[in-house]
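Note that ligands are numbered from 1 as they come in the structure, with each ligand's atoms numbered from 1 the same way.
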Amino acid sequence: MAFTLTEKILREHLVDGSYEPGDEIGIRIDQTLTQDATGTMAYLQFESMGLSEIETEVSVSYVDHNTVQVGFENADDHRYLQTIALRYGIHFSRPGNGICHQVHLERFGVPSKTLLGSDSHTPTGGGLGMIAIGAGGLDVAAAMGGGPYYITCPRVIKVNLEGQLHPWVSAKDVVLKVLEILTTKGNVGYVCEYGGEGAAALTVPERATITNMGAETGVTTSIFPSDQQTRRFLVAQGRGEVWRALAADGDADYDRVLDIDLSDLEPMIATPHSPGNVVPVSELEGMPVDQVMIGSCTNSSYVDLMTVARMVKGHHLPLGVSLGVAPGSRQVFRMIAENGALNDLIAFGSRILESACGFCIGNSMSPKTDAVSVRTSNRNFKGRSGTTSANVYLASPAVAAAAALKGEITDPRNLDMAFPGIAMSESFLIDDSMITPPLPVEKRPNVTIYRGPNIGAPPANKPLDEEIKGVVAIKVGDYVTTDHIMPAGARLKYRSNVPRYSRFVFEPLDDEFSTRAKEYRDKGVHNLIVAGVSYGQGSSREHAALCPMYLGVKAVIARSIERIHAANLVNFGIVPLIFVTGPDYETIEEGDDIEIAGMSRALEGSDEEIMAIDHTRGESIRLEMHLSRRQRDLLLAGGLLPHTVQRSGKIG
Ligand code: MIC
Ligand code: SF4
């Protein structure tokens, strides 16, 4: 039998189900990562499950999202996370140490292992030959407790990279090309597996840019083989001993093959307001720019920052342009400080930001009204920058630096400048002093867990009622992201306080939703959400399910739902339902009275279709549910947490 790389690793980790693409399988998770914005809820849920120890090989808790600390909330959360890590044997990466995905790649990732992270960009680890998947915090908590992680056994897309990148064209342009081809919808249940001569020439940080932003296509993950490049990176990180060679069998079968010739690529840019709106930079040449932001988990490696520093050295930032630079990790930060590149960036006029998510999550550096902001990050959803009217463009560090130099969008090939051609370091600066290792087992019970006033136990859900009888509390369109459902930015600090954070559900689309839904809930009326295509794109934030659950939402009826969000809905006892026919989505309206009789009976059985009655319109609506037995049981119990508690701590 010939296997793909994906299948090899997944088969090695298979603990439930059989390897049939399209079916649900349970896999063992070797490593987990959490970040602070999803981590507090993940650990609160871990505690609610009554688990006493973690069962993974390595679990790391990072603090990188909420580091702005306006008010006491973030600092309270950080301290809670620190004490939880000490109590349960988790590595703790302190604020200031860098962005979870960048640091995990540098210091923890191991080829052939599985990694589950409570952040949608966890697939960054695929750059090191890992099966690295993003999930909701509750799934990560369950995996830390030794429970299997369930996914749809994937179909695999082979992305064959041939040829060589020209100067000024980079890994970011490769992933933008992939996004142009695959778009941001219709890829649920697939894994992108890279290979070919062109892939062999890419370094691990370059591969990580590609697997990171692969998340925007909606695939389960992306992966590169573990080869001499992987070895080179791990040796440069002082971790050569964890290397292991790993590749697909030469004659493995793929469900789809994409051939990309790297020498055909040119600098690309994603235009507002989707990472899938990709065009060549040359098409936008000359567009005035107000802001340029360098950083994020996609593009903040040593080579990325050195490229920018080299390009701007000796120049001055044009008036009217603001440039922010956030190194991805303390390793990168220290290296550019030691070699003087940081000084070049400062001399140019850059605003040096801490090594954290910062601008990317919209909690700082929001651009001016109607601004054009060119960023090296991965998402440009409307309003995510913190400025609703801003237009965010996503591009490589070289394209971003060219925009900062010229004050307008510029194809870097047209700059009168030699290509910097920075090489990956063969020996990174290693300093793990900001990563607190697990305490010895005997000392862990003595740790007192700190809980500030912002930290509240997660609300519990009740078992599902026999029928869903309620009202369409909101009807939204296509491509509604989790940023629309549960905004981050200035609201992020309420992540550990569900009642407070719930006030902002759907705020960017309809700021009265929360009050309205609460009123229905308090009258005993079930709330339903109606949505179009690709509902729940983007972030893994489970608050986009947890807070609606708190507001009494019992079902989402959509034309399609993205993978992580669909799993989060099930975990919180909200039934994900799909319209069988498109016109039904057109007819149903906000405020309609809906009844889905026999909901719990249908879940107890194996029916894949159920009828809803729209009483307001006097029409029946055919709905489908693509749910495994396990998911049906979770929904009946009211979600994963009540289900686990019911089974006295047995996860799943
Ligand atoms: C994001 O990029 O949207 C985030 C913020 O990293 C999220 C996680 C979160 O909402 O906390 C993600 O990508 O999952
Ligand atoms: Fe942080 Fe942005 Fe990466 Fe999300 S996408 S982990 S907010 S840097």
Side-chain angles (χ1 to χ4, degrees), residues 33-42 61-68 74 77 81 93 95 98-105 116-125 132-140 175 208-209 211-216 218 221 275 293-301 304 324 326-329 332 353-365 375-381 383-386 392 394 481-496 501 504 536-547 562-565 567-568:
L33 72 77
T34 55
Q35 40 90 339
D36 52 306
T38 53
T40 47
M41 206 36 78
S61 170
Y62 293 90
V63 179
D64 54 1
H65 277 64
N66 279 318
T67 53
V68 175
N74 300 161
D77 287 358
L81 292 169
S93 172
I99 304 174
C100 55
H101 308 303
Q102 175 72 21
V103 179
H104 206 87
L105 194 77
L116 192 70
S118 60
D119 191 282
S120 64
H121 290 104
T122 305
T124 312
I133 305 178
L138 185 49
D139 278 328
V140 176
V175 69
T209 293
T211 54
N212 170 288
M213 200 169 173
E216 272 42 80
T221 191
M293 300 301 303
I294 312 278
S296 92
C297 56
T298 317
N299 275 126
S300 54
S301 69
D304 290 338
S329 67
V332 174
L353 307 167
E354 76 172 307
S355 205
C357 299
F359 72 88
C360 177
I361 184 63
N363 66 11
S364 54
M365 297 292 292
R375 301 178 164 215
T376 64
S377 44
N378 47 39
R379 291 189 174 140
N380 57 350
F381 305 144
R384 179 173 159 106
S385 65
V392 175
L394 306 172
T481 72
T482 45
D483 276 83
H484 294 111
I485 307 171
M486 217 44 272
R491 307 301 187 201
L492 204 55
K493 67 180 187 178
Y494 301 119
R495 280 282 174 93
S496 311
Y501 198 31
F504 308 110
Q537 281 195 353
S539 156
S540 67
R541 61 192 73 152
E542 63 190 347
H543 295 77
L546 170 59
C547 293
E562 290 297 307
R563 177 188 71 88
I564 303 179
H565 188 58
N568 285 338

| task | Classify the contact between His101 and ligand 2 as side chain, backbone, both or neither, using a heavy-atom distance cut-off of under 4.0 Å. | result | side chain
| query | Where on His543 is there a heavy atom closer than 4.0 Å to ligand 1, on the side chain, on the backbone, on both, or on neither? | reply | neither
| Charged N to carboxylate O below 4.0 Å: is that the case for Asp119 and Arg541? | no
| said: Minimum distance, heavy atoms only, to atom 5 (S) of ligand 2: which one of His121, Arg541, Gln102, His65 is it? | reply: His121
| Relative to the heavy atoms of Asn378, which atoms of ligand 2 are at a distance of less than 4.0 Å? | 5 (S)
| In terms of residue, atom name and distance, what is the protein heavy atom nearest to atom 10 (O) of ligand 1? | Arg541 NE, 2.7 Å
| said: Test of understanding: given a 4.0 Å heavy-atom threshold, classify the contact between Asp119 and ligand 2 as side chain, backbone, both, or neither. | reply: side chain
| query | Should Gln35 be listed as contacting ligand 2, given a heavy-atom distance under 4.0 Å as the test? | reply | no
| Against heavy atoms of Ser540, which atoms of ligand 1 measure under 4.0 Å? | 12 (C), 14 (O)
| Considering only the protein, which heavy-atom contact is closest to atom 1 (Fe) of ligand 2, and what is its distance? | Cys357 SG, 2.3 Å
| Distance from atom 11 (O) of ligand 1 to nearest protein heavy atom, with residue and atom | Arg495 NH1, 2.8 Å
| field | Polar proximity ligand 1 side, Asp119 side, N/O cut 3.5 Å exclusive | value | yes
| message | Main chain of Thr38, side chain of Gln35: is a donor-acceptor contact present, judged purely on distance under 3.5 Å? | response | yes
| said: Looking at every non-hydrogen atom in both residues, tell me the closest pair between Ser496 and Asp77 and how far apart they are. | reply: OG-OD2, 2.8 Å
| message | For atom 8 (C) of ligand 1, what is the closest protein heavy atom, and at what distance to 0.1 Å? | response | Gln35 NE2, 3.1 Å
| remark: Heavy-atom closest pair (Ala567 atom, Asp139 atom, distance to 0.1 Å) is CB-OD2, 4.3 Å
| request: Kindly assign one of parallel, tilted or perpendicular to the pair Tyr62 and His104, based on the angle between their ring planes and the thresholds 30° and 60°. | output: perpendicular
| query | Do Asp36 and Leu81 pass the side-chain contact (heavy atoms from CB on, under 4.5 Å) test, and can you show the C-alpha distance, the side-chain angles, and the key distance before you say yes or no? | reply | CA-CA 7 Å; Asp36 52 306; Leu81 292 169; 3.5 Å; yes
| Closest heavy-atom pair and its distance - Arg563, Gly134 | NH2-O, 3.0 Å
| Atoms in ligand 1 with a heavy atom of Thr38 nearer than 4.0 Å | 9 (C), 11 (O)
| Top protein contact for atom 2 (Fe) of ligand 2, by heavy-atom distance | Cys360 SG, 2.3 Å
| Protein contact to atom 7 (C) of ligand 1 [nearest heavy atom, distance to 0.1 Å] | Ser539 OG, 3.1 Å
| request: For ligand 1, find out whether one of its N or O atoms is nearer than 3.5 Å to an N or O atom of Ser118. | output: no
| said: If you define the side chain from C-beta out and look only at heavy atoms, does anything of Ile294 sit under 4.5 Å from Asn299? | reply: no
| note | In terms of heavy-atom contacts, Phe359 and Arg375 come closest through O-NH1, 3.2 Å
| task | Give the numbers and elements of all ligand 1 atoms closer than 4.0 Å to a heavy atom of His65. | result | 4 (C), 5 (C), 6 (O)
| query | Is there a heavy atom in Arg384 that sits closer than 4.0 Å to ligand 1? | reply | yes
| request: Search all heavy atoms of Gly328 against all heavy atoms of Ser300 and return the closest pair with its distance. | output: CA-OG, 3.0 Å
| field | Check: Ser120/Ser540 side-chain N/O donor and acceptor closer than 3.5 Å | value | no
| query | Does Thr482 reach the main-chain N or O of Ser539 with its side chain, forming a donor-acceptor pair under 3.5 Å? | reply | yes
| said: Under 4.0 Å from a heavy atom of Ala37: which atoms of ligand 1 are those, numbered in the order shown and with their elements? | reply: 11 (O)
| How far is atom 13 (O) of ligand 1 from its nearest protein heavy atom, and which residue and atom name does that atom have? | Ser120 OG, 2.6 Å
| What atoms of ligand 2 come within less than 4.0 Å of a heavy atom belonging to Ile361? | 7 (S)
| query | Do you know the tightest heavy-atom contact between Leu33 and Thr122? | reply | CD1-OG1, 4.3 Å
| message | For Thr298, is there any backbone N or O sitting under 3.5 Å from a side-chain donor or acceptor partner on Thr209? | response | yes
| note | The answer for which part of Ile361 has a heavy atom under 4.0 Å from ligand 1 is side chain
| request: Would you mind running through ligand 2 and noting each atom that sits below 4.0 Å from a heavy atom of Cys297? | output: 3 (Fe), 5 (S), 6 (S), 8 (S)
